[in-house]
Amino acid sequence: MKRLVLSLALVALAAITAACSGAGGSTSSPAASAPAASAPAASAPAGDGIVVVAKDLKFSTASITAPADEAFQIVLDNQEAAPHNIAIKDGTGAVVFKGEIVTSTKVTNEVPALAAGAYEFWCEVHPDMKGTLTAG
Ligand SMILES: [Cu+2]
């Protein structure tokens with residue numbers, strides 16, 4: 001009789017120990033591995049439109065591309081007091097577009113559809129400010 005009580009006590013003790021270690025052991029909760037919250041969209045809206053910055057009597061880019069056969073926009077961001085614009089001529093030298101001359105402001109040039117090909121854009125006030133425009 002005494003032995004039975006003892007063994008029961010041992011069993012109980014073992015059960016308690018097991019329960020404790022079970023609870024206190026590895027607490028890998030599934031919540032811990034939850035995926036990180038969706039990151040904010042990294043890319044800004046694709047700002048359709050070409051932006052050319054004019055500063056220090058230079059254009060920010062020497063080459064731009066535009067879709068062929070559809071009107072598009074070129075934003076001229078003139079960041080200085082010197083007057084600038086964007087004009088475009090085709091491979092034969094024929095002027096196909098002349099934008100407004102502006103100082104210290106942005107202007108959106110609405111360029112008519114151009115056939116696929118190579119063009120030159122430049123500033124009429126400063127002919128040295130120029131670059132290539134590829135429509136395609
Ligand atoms: Cu200019």
Side-chain angles (χ1 to χ4, degrees):
M1 186 65 181
K2 226 176 182 178
R3 284 178 82 139
L4 181 58
V5 170
L6 186 60
S7 17
L8 281 174
L10 283 172
V11 167
L13 185 64
I16 289 165
T17 306
C20 283
S21 69
S26 61
T27 53
S28 59
S29 76
S33 62
S38 57
S43 61
D48 343 307
I50 302 153
V51 177
V52 176
V53 175
K55 193 179 180 187
D56 300 329
L57 300 180
K58 287 177 194 162
F59 285 135
S60 60
T61 177
S63 84
I64 55 182
T65 58
D69 303 320
E70 62 181 86
F72 61 96
Q73 298 181 333
I74 300 177
V75 174
L76 171 61
D77 181 2
N78 184 355
Q79 299 184 349
E80 62 189 344
H84 302 297
N85 79 333
I86 287 181
I88 300 171
K89 59 187 168 189
D90 67 16
T92 72
V95 176
V96 296
F97 176 79
K98 283 189 180 188
E100 182 188 354
I101 296 173
V102 297
T103 58
S104 304
T105 190
K106 278 187 196 179
V107 63
T108 300
N109 296 284
E110 304 283 349
V111 183
L114 299 176
Y119 297 79
E120 180 180 301
F121 70 93
W122 84 103
C123 169
E124 291 184 281
V125 185
H126 308 99
D128 287 346
M129 294 175 67
K130 61 187 175 184
T132 59
L133 184 161
T134 304

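We count ligands from 1, going down the list as the structure has it; atoms in each ligand are counted the same way.
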Worksheet entry | Least distance between heavy atoms, Phe121 atom then Thr61 atom |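 Looking at all heavy atoms of both residues, the closest pair is CZ-O, 3.5 Å.
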Discussion item. For a quick test of reading the model, state the closest non-hydrogen atom pair linking Trp122 to Pro127 and the distance between them.
Written reply: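 The pair with the smallest heavy-atom distance is CD1-CA, 4.1 Å.
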Worksheet item: Can you list the protein N, O or S atoms less than 2.8 Å from the Cu ion (ligand 1)?
Response: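 Listed by chain and number, the nearby protein N, O or S atoms are His84 ND1, Cys123 SG, His126 ND1.
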Worksheet item: Counting only N and O atoms by type, is there a donor-acceptor contact under 3.5 Å from the side chain of Glu80 to the main-chain atoms of Asp56?
Response: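 Checking the backbone N and O of Asp56 against the side chain of Glu80, a donor-acceptor pair under 3.5 Å is found.
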Fill in: Aromatic contact, Tyr119 with Phe97 (centres under 6.0 Å)
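Centroid separation for Tyr119 and Phe97: 6.0 Å or greater.
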Worksheet item: Can you tell me how far the CD1 atom of Ile50 sits from the CD atom of Gln73, to the nearest 0.5 Å?
Response: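 Spacing of CD1 (Ile50) from CD (Gln73) equals 9.5 Å.
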Worksheet item: Same hydrophobic cluster for Val125 and Ile88, using side-chain heavy-atom links shorter than 4.5 Å among ILVMFWY?
Response: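 No, separate clusters.
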